[in-house]
Every structure is written in C-alpha cells, then in structure tokens.
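First the structure, then my questions, so here it is.
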Amino acid sequence: MAGREILHKMKVKAFGSSAPDTGKGKSKMAKHITHGYHLVKGKSNHAMEDYVVSEFKQEKENELGLFAIFDGHLGHDVANYLQTHLFDNILKEQDFWTNTENAIRKAYHTTDAEILEKAFVLGKGGSTAVTAILINGQKLVVANVGDSRAVICKNGVAKQLSVDHEPSKEKKLIESRGGFVSNLPGDVPRVDGQLAVARAFGDKSLKIHLSSEPDVAMEIVDDNTEFLILASDGIWKVMTNQEAVDCIKNIKDAQSAAKHLIEQAVSKKSKDDISCIVVRFQ
C-alpha cells in the first residue's frame with residue numbers, strides 16, 4: 001500500500017496541474033524565520049523538471065530547516081527521486097550531528113549510487129542539486145552539484161555560498177577521466193558535447209566523466225543575516241547575485257519574494273523552468 005501511495009504522489013507531482021507550485025511556512029523554534037517557494041514551468045516542450053523541498057522538521061530537541069532545488073534534465077525522474085530521498089539519506093548518516101559537512105558529502109555519493117543502480121527505472125537523465133540545512137536557526141550548511149545556486153544576503157550584500165560547476169572550469173578533471181569539453185560557437189561548453197554542467201546526480205552514460213562530489217559551505221546566521229535565496233539556473237542566466245538580492249530586499253513575505261524574483265527573470269526573457277526558495281531571517 002505504501003509503495004502505491006508513494007507512486008501516486010510522484011505521479012501527481014510530476015504530471016499534475018500546470019499551475020505554478022507555490023507555498024510557505026515558518027520555524028516553530030524561531031518564529032521570525034520564514035520561508036516561501038515558487039516554481040514556474042519554462043517554454044520548453046517537456047514536462048516540468050524542477051522539484052523543491054522547503055520545510056522545517058523536528059528532530060528530537062532540534063529543529064532543521066530543509067531547503068533544496070533539484071533541476072532535472074533528460075526527464076524529471078532523477079530530480080523527483082532526490083526530492084524524496086536525499087535529505088533522508090543525509091539525516092541517516094551517523095555523524096550528521098558531529099560532522100554535518102562530511103555527512104552531507106557521504107549522503108550525496110550514496111544517493112548518486114542509488115540513482116545509478118536504478119537507472120533502468122529512473123532513465124538516463126540526471127539532476128543538479130543545491131541543498132541548505134538550517135540547524136536550530138543558527139548554522140546554515142549549503143551543498144551543491146551543478147549550477148543551481150545559493151546566495152545569502154548580509155547587510156544588503158549578496159554572497160554566493162554554492163559553486164557553479166561549469167565544464168570549462170573543470171576541463172582538466174573531465175579530460176583526466178577520458179572525457180572532453182566541447183565549445184561550439186553559439187553554444188555553452190558541454191561535457192562530451194552533451195551536458196552543460198560538470199557535476200550532477202545520475203547521467204549514467206556520462207558518469208565516468210562526471211563528478212557528483214558536492215561543494216559544501218557553512219555559514220553562521222547572525223543579526224546581519226537578512227535572507228537566503230536558492231534558485232535554479234533560470235534565474236542566474238539573466239540576473240547577477242546582487243541584482244537578485246536587490247530585487248527582493250524590501251519584500252518581507254518570503255513566498256511573495258520568491259514569486260517576484262521568478263517574474264523578474266521571466267521578464268528578462270529567461271525561458272527555462274525556474275524554481276526559487278527564499279528563507280527570511282529577519
């Protein structure tokens with residue numbers, strides 16, 4: 001029964017209403033911390049391939065804010081799998097509370113291995129990921145593979161916490177694995193002429209030349225911390241980090257801020273699927 005229910009939820013999520021997916025919530029431990037998310041399908045012919053996690057979860061006496069953007073490619077199944085499994089795998093790691101960064105790295109690799117093992121079910125596609133875990137409203141741990149991005153605003157200044165894994169930046173690593181980076185006129189650099197990111201979950205046919213090693217960063221939330229943006233590359237293709245921060249700095253409602261940021265990206269001719277989460281700390 002449980003398996004059928006999960007499958008039904010997955011189908012509803014993947015194939016349900018074409019209306020924008022949106023929502024919000026707040027911390028029970030620190031009521032001034034709020035979050036909101038918004039997703040909009042792009043101009044492409046395929047189904048929506050972005051998924052988000054945006055929630056607070058109680059773990060015994062601790063509260064965790066779990067936030068993530070999963071931007072799928074060549075299908076939505078890998079991104080959907082990440083939405084339902086990645087945080088569970090992170091929290092299962094024995095050293096999560098003692099060495100959070102190491103636990104996240106191990107869970108990223110574990111989850112990628114699961115996806116590759118299930119390639120006959122999940123297909124040949126893949127997904128980028130950017131995840132943020134807020135521990136008791138005080139410590140923020142961000143990890144990512146691919147080009148979805150995390151940007152924090154402190155005293156009005158944008159600071160990027162994630163790393164864009166572009167093929168041109170990792171050309172030597174890709175070549176050392178036997179791959180190549182194409183750079184055709186009018187196109188972005190691509191791994192083996194196919195994928196526009198150097199790190200991703202899944203992509204079994206390219207995995208020998210790809211990495212799923214996350215970059216991990218830790219940030220302390222202090223009185224100067226205003227808000228966090230997580231967003232897929234549909235925003236970052238048309239806006240700088242500071243432009244994104246300036247765009248929503250006066251919008252106090254996190255959900256409205258996420259929606260407004262996407263609307264601005266669309267007005268700047270972004271055609272990609274776009275997903276955005278805003279976490280406000282003030």
Side-chain angles (χ1 to χ4, degrees), residues 41-51 68-82 86 105 108-109 111-120 122-131 143-151 160-216 230-241 243-244 265-266 268-275:
K41 189 185 177 311
K43 306 283 189 190
S44 62
N45 295 324
H46 57 66
M48 178 66 162
E49 293 180 331
D50 283 14
Y51 289 83
I69 303 281
F70 304 117
D71 183 356
H73 46 263
L74 295 178
H76 54 70
D77 289 334
V78 172
N80 183 273
Y81 187 89
L82 289 166
L86 181 56
R105 289 185 194 280
Y108 264 59
H109 290 301
T111 309
D112 191 42
E114 291 173 0
I115 289 167
L116 295 175
E117 285 175 10
K118 298 176 188 295
F120 66 99
L122 299 176
K124 63 180 181 179
S127 179
T128 70
V130 59
T131 59
N144 81 292
V145 294
D147 55 5
S148 293
R149 194 179 291 178
V151 173
Q160 185 170 328
L161 299 179
S162 56
V163 176
D164 294 346
H165 296 134
E166 299 169 3
S168 55
K169 292 180 182 176
E170 304 199 11
K171 188 178 180 205
K172 288 184 178 178
L173 180 61
I174 293 163
E175 289 175 346
S176 73
R177 295 172 166 215
F180 68 92
V181 175
S182 64
N183 201 351
L184 299 175
D187 193 15
V188 296
R190 295 180 183 273
V191 177
D192 295 353
Q194 298 178 58
L195 190 62
V197 288
R199 303 189 196 186
F201 285 95
D203 294 296
K204 187 167 187 175
S205 63
L206 296 174
K207 185 55 70 173
I208 191 171
H209 304 150
L210 282 179
S211 170
S212 59
E213 177 68 30
D215 270 284
V216 185
L230 299 185
S232 56
D233 65 326
I235 284 179
W236 312 115
K237 284 176 180 173
V238 296
M239 303 175 82
T240 66
N241 296 339
E243 284 172 343
V266 171
K268 292 175 180 286
K269 304 292 189 275
S270 180
K271 295 179 173 58
D272 203 354
D273 295 341
I274 308 178
S275 47

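What you see is a predicted model, and the numbers here were worked out from it, not measured in a lab. Excluded from the calculations below are hydrogen atoms, water molecules and symmetry mates; all remaining heavy atoms, backbone and side chain alike, are included.
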Item to complete: Determine whether the side chains of Thr131 and Tyr108 contain a donor N or O and an acceptor N or O closer than 3.5 Å.
Response: yes
Worksheet item: So, Ser212 versus Asp112: side-chain donor-acceptor pair below 3.5 Å or not?
Response: yes
Discussion item. For the backbone of Phe180 and the side chain of Asp192, can you confirm whether one donor and one acceptor N or O come within less than 3.5 Å of each other?
Written reply: yes
Discussion item. Whether the side chain of Ser270 engages the backbone of Gly234 through a donor-acceptor N/O pair (distance < 3.5 Å, no angle test) should be reported.
Written reply: yes
Worksheet item: Going by heavy atoms in the side chains, are His165 and Asp215 under 4.5 Å from each other?
Response: yes
Worksheet entry | Residue pair Arg149, Asn241: steps toward the side chain to side chain contact (heavy atoms under 4.5 Å, CB included) verdict | CA-CA 9 Å; Arg149 194 179 291 178; Asn241 296 339; 2.8 Å; yes
Worksheet item: Is the NZ atom of Lys207 crowded by more than 12 outside heavy atoms at less than 6.0 Å?
Response: yes
Worksheet item: Can you tell me how far CD1 of Ile69 sits from CG of Leu230, rounded to the nearest 0.5 angstrom?
Response: 5.5 Å
Item to complete: Indicate the atoms forming the closest heavy-atom contact of Leu206 with Gln194, along with that distance.
Response: CD2-NE2, 3.5 Å
Worksheet item: Out of Leu184, Asn183, Val197, which one pairs with Pro189 under the side chain to side chain contact (heavy atoms under 4.5 Å, CB included) rule?
Response: Asn183
Practice prompt. For the residue pair His73 and Asp203, establish whether any side-chain heavy-atom pair is separated by less than 4.5 Å.
Written response: yes
Fill in: Atom of Ser232, atom of Ser148 and distance for their closest heavy-atom approach
CA-OG, 3.5 Å
Worksheet item: Which heavy atom of Ile174 sits nearest a heavy atom of Ala198, and at what distance?
Response: CD1-CB, 4.0 Å
Worksheet entry | Trp236 side chain near Asp164 side chain, heavy-atom distance below 4.5 Å | no
Worksheet item: Any donor-acceptor pair under 3.5 Å linking the side chain of Lys204 with the backbone of Glu117?
Response: no
Item to complete: Search all heavy atoms of Arg105 against all heavy atoms of Glu213 and return the closest pair with its distance.
Response: NH1-OE2, 2.9 Å
Discussion item. Quick one, Phe70 and Val78 - any side-chain contact, counting heavy atoms below 4.5 Å?
Written reply: no
Worksheet item: When you check the side-chain N and O atoms of Asn144 and Ser162, is any donor under 3.5 Å from an acceptor?
Response: no
Worksheet item: Can you check whether Tyr51's main-chain N or O pairs, donor with acceptor, with Ser275's side chain at less than 3.5 Å?
Response: no
Fill in: Spacing of CG belonging to Leu74 relative to CG belonging to Leu122, to within rounding of 0.5 Å
13.0 Å
Discussion item. So which atom in Ile235 and which in Ala265 form the shortest heavy-atom distance, rounded to 0.1 Å?
Written reply: CG1-CB, 4.0 Å
Item to complete: Flag the pair Arg190 / Leu195 as yes when at least one side-chain heavy-atom distance between them is below 4.5 Å, and no otherwise.
Response: no
Practice prompt. Please tell me if the side chains of Leu161 and Val130 come closer than 4.5 Å, counting only heavy atoms from C-beta onward.
Written response: no
Worksheet entry | Electrostatic pair Lys171-Glu175, nearest N-O below 4.0 angstrom | yes
Discussion item. With rounding to the nearest 0.5 angstrom, report the CG to CD1 distance, Asp50 to Ile274.
Written reply: 8.5 Å
Worksheet entry | For Leu82 against Thr128, the heavy-atom pair lying closest together | CD1-O, 4.4 Å
Item to complete: Please tell me if the side chains of Phe201 and Val145 come closer than 4.5 Å, counting only heavy atoms from C-beta onward.
Response: yes
